[in-house]
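Data block below; observations after.
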Amino acid sequence: MKRPSVILLLLALILSAVFAASASAGGKEGWGRYGSFIGRYHVKVLSGGSAGVRGGELTMFIQEEFPGSEEPAGILKLRTKRNNDVVYLKELKHRGRARTALVKGGSFLGPTIGRFSGKMRRPGRIVANVSTRSLGTVELAFTRYSRKPTQ
Amino acid sequence: MRLKAPFLALAALAVTIVLAACGGGSSSDGGSTAATANGPNAASAPSIEDWPVFGRDRDNTRFATQDEINTGNVGELGEAWSTGLGPDQYLMESFPLVIGENVYVTTSTDEVMQINGKTGHINWTYAPEVDFSQSTGVGGYGITVNRGVAAEDGKLFLLTFDNNLQAISQRTGERLWSSQVEDPATGAYESMAPTAYDGKVYVGVSGSEDGVRGKIAAYDAKTGKELWTFYTVPKAGTKWVPEGGGGGTIYMPPTVDPATNTVYVGTGNPAPVLVGAKRPGRNLYTDSILALDAGTGKLKWFHQEQAHDLWDYDAESPVVLFNAEINGEMKRGVAEAGKNGLLFLLDAKTGEDLFPPVGFVKRDHTPPTTKPTLECPGPVGGSQYSPLAYSPETQAVYISGIELCMYLRVTYENHNGEKQFAGDRVVPKDTEKSGTFTAVGVNTGKVIWKHDMPTPMDGGATASAGGLVFTGDQQGILYAFDAANGEDLWQADLKLAFGTAPVIYSIGGTQYVLATVGGAALTASEELGEIGARVIAFKLGGKKLPTGPELKG
């Protein structure tokens with residue numbers, strides 16, 4: 001095989017590997033520019049799921065357990081008639097307007113119990129489905145009211 | 001144990017009505033069911049025995065006076081009922097109360113449930129509106145826990161994560177009043193159960209790692225009005241506390257001694273946590289046991305367990321009071337096990353050591369530097385919030401220990417998760433997390449027996465007049481040891497990690513051991529196995545559960 005062919009073949013292999021990795025992970029890391037999503041959100045319930053979610057709140061922030069470990073994450077409280085359901089968003093991904101995350105239970109280090117899958121209509125405005133075994137699939141509209149996670 | 005007379009009367013009336021409805025007659029010993037199921041001791045068992053305050057009695061001993069379940073028959077213990085605590089519950093650090101026929105338990109997301117103690121039926125759930133957004137600051141892990149309620153005069157008192165003290169009706173679960181004890185914007189949060197006594201509710205705040213200024217305060221139980229506040233450290237920017245610093249926060253309920261009108265409480269570490277140069281001196285009153293006047297909040301004495309702390313060695317677990325004969329003299333004592341791996345036995349009048357501190361885990365630490373140093377115990381080690389049990393029969397306290405060394409490194413940086421830790425803490429790779437369970441004589445200051453446990457021990461202990469001491473591990477194994485010699489008498493594999501110690505109560509003459517399981521936040525979060533938080537009651541003759549592995553020690 002001639003050298004240019006080998007190089008092209010290697011390039012093709014590398015590109016396909018990168019594409020495959022990206023596709024299997026569901027997009028690029030994070031939810032895009034921090035300024036477009038970090039902060040606190042009101043939650044409007046579009047569909048309450050099997051648990052009958054009535055409302056909630058979302059906080060998106062940069063988790064930094066140690067220097068250099070910056071990683072966006074979220075805390076989602078969903079309120080049913082009888083419970084405060086608090087879950088944690090990790091491994092955020094985006095592709096185009098799509099925004100996804102794994103839903104963790106108990107803490108950010110807890111087990112994966114579901115999935116967050118939505119679209120960012122514009123910075124600070126997200127519509128998403130949140131699915132867990134306990135809640136079923138809940139459809140929610142998130143509207144940011146503060147760019148500061150702790151205020 | 002201490003019970004309010006009107007309450008006893010109501011409880012007895014309730015039992016009588018239930019027994020009559022069941023055709024069990026008016027026998028106050030629980031009728032034929034109890035006699036058959038519970039063996040010869042059933043006839044002498046009291047009809048109702050509550051667990052009405054955090055540690056069952058005002059001395060906070062976690063010692064149950066019933067002996068129906070004992071060293072001779074504990075092998076017959078089995079599941080009476082089991083109740084799940086709702087969707088997406090994964091942690092459980094709640095220490096229940098039992099009053100009359102009802103169990104009162106909280107979830108990690110601040111719900112309060114009244115559960116029938118005989119059947120496990122959830123009678124009502126109180127679900128308050130809570131802002132959990134500040135859990136961005138709880139170690140960056142998003143951990144929220146609630147360690148239980150206090151009860152007095154028909155009210156339950158709850159501290160919500162976002163720093164509200166709420167009173168709710170014990171009967172209906174309706175909210176009566178709510179009072180904010182701290183602004184969440186300071187980084188303060190709540191995890192502790194309050195203490196209620198004589199018309200006052202005693203509370204603290206958590207969050208030393210965020211530079212929160214620690215305090216203990218008393219509130220009027222009828223109105224929620226603040227009566228007094230004692231700050232455990234100076235205001236930020238004054239005396240030894242640098243700007244943004246603080247500490248001395250509180251994680252577990254204070255212990256009130258009615259005889260001396262004294263409130264005892266343990267405090268947490270100073271902040272910035274790893275950078276001692278920014279906070280000169282001993283950093284009073286961090287990592288200390290405080291004795292305060294219950295009426296005014298005035299300091300009577302303090303005993304600092306770790307001066308100028310550089311390792312996050314809180315005096316976090318709740319204080320236990322005891323009476324012991326020491327060198328021929330009766331002494332009123334205070335026991336507390338710290339995160340520095342030492343048990344302190346103090347004179348309750350003066351705060352002076354009765355004995356030298358007793359180690360219960362490996363201790364080998366040096367001041368942290370900008371290069372990683374291995375510190376034992378690490379910041380998640382020693383004894384965390386885990387309550388001791390004290391048995392007046394063995395004159396011993398029982399300590400849950402965590403064997404976990406960690407690398408610490410000073411970085412001077414504030415990280416988003418914790419604003420004032422000022423460094424890294426990392427568990428070494430291939431570390432096998434383990435624990436200890438240790439009995440120490442309060443009249444000798446000596447270890448009586450000790451078990452090396454297969455996992456960190458975070459839940460605490462519970463002792464009984466049946467000669468038993470109970471504790472649970474992170475694999476979900478509930479153990480019953482012989483309190484005198486540590487013999488492993490009984491185990492049950494509950495499949496969910498322990499973050500609390502059992503409570504013991506009796507209804508209709510039947511003694512129950514109640515375990516709340518689901519895991520402790522800091523030690524179990526990486527090891528959560530089966531999902532869910534549950535309350536599981538055991539009684540003699542109940543359903544058998546599988547056992548756990550044999551212990552080494």
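Letters go in sequence order (proteins before strands), and every chain restarts at 1.
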**Request:** Might you point out which heavy atoms bring A/Val86 and B/Thr109 nearest each other, and give the distance in Å?
**Result:** CG2-CG2, 3.4 Å
**Distance, nearest 0.5 Å, that separates OG1 of B/Thr144 from NZ of A/Lys77** = 11.0 Å
**Prompt:** What pair of heavy atoms forms the shortest contact from A/Asn83 to B/Ala127, and how long is it?
**Reply:** N-CB, 4.1 Å
**Request:** Quick one: pull up NZ in A/Lys81 and OG1 in B/Thr125 and give me the separation to the nearest 0.5 Å.
**Result:** 10.5 Å
**Request:** Check side chain to side chain donor-acceptor pair (under 3.5 Å) between A/Ser50 and all other residues, then give those that pass, not counting sequence neighbours.
**Result:** none
**Asked** Rounded to the nearest 0.5 Å, what separation is found between the CG atom of A/Asp85 and the OG1 atom of B/Thr107?
**Response** 10.0 Å
**Prompt:** Does the distance from a Lys or Arg side-chain N to an Asp or Glu carboxylate O, for B/Glu111 and A/Arg82, drop under 4.0 Å?
**Reply:** no
**Prompt:** Which bit of B/Ser108 comes within less than 4.5 Å of chain A, counting heavy atoms only: side chain, backbone, both or neither?
**Reply:** neither
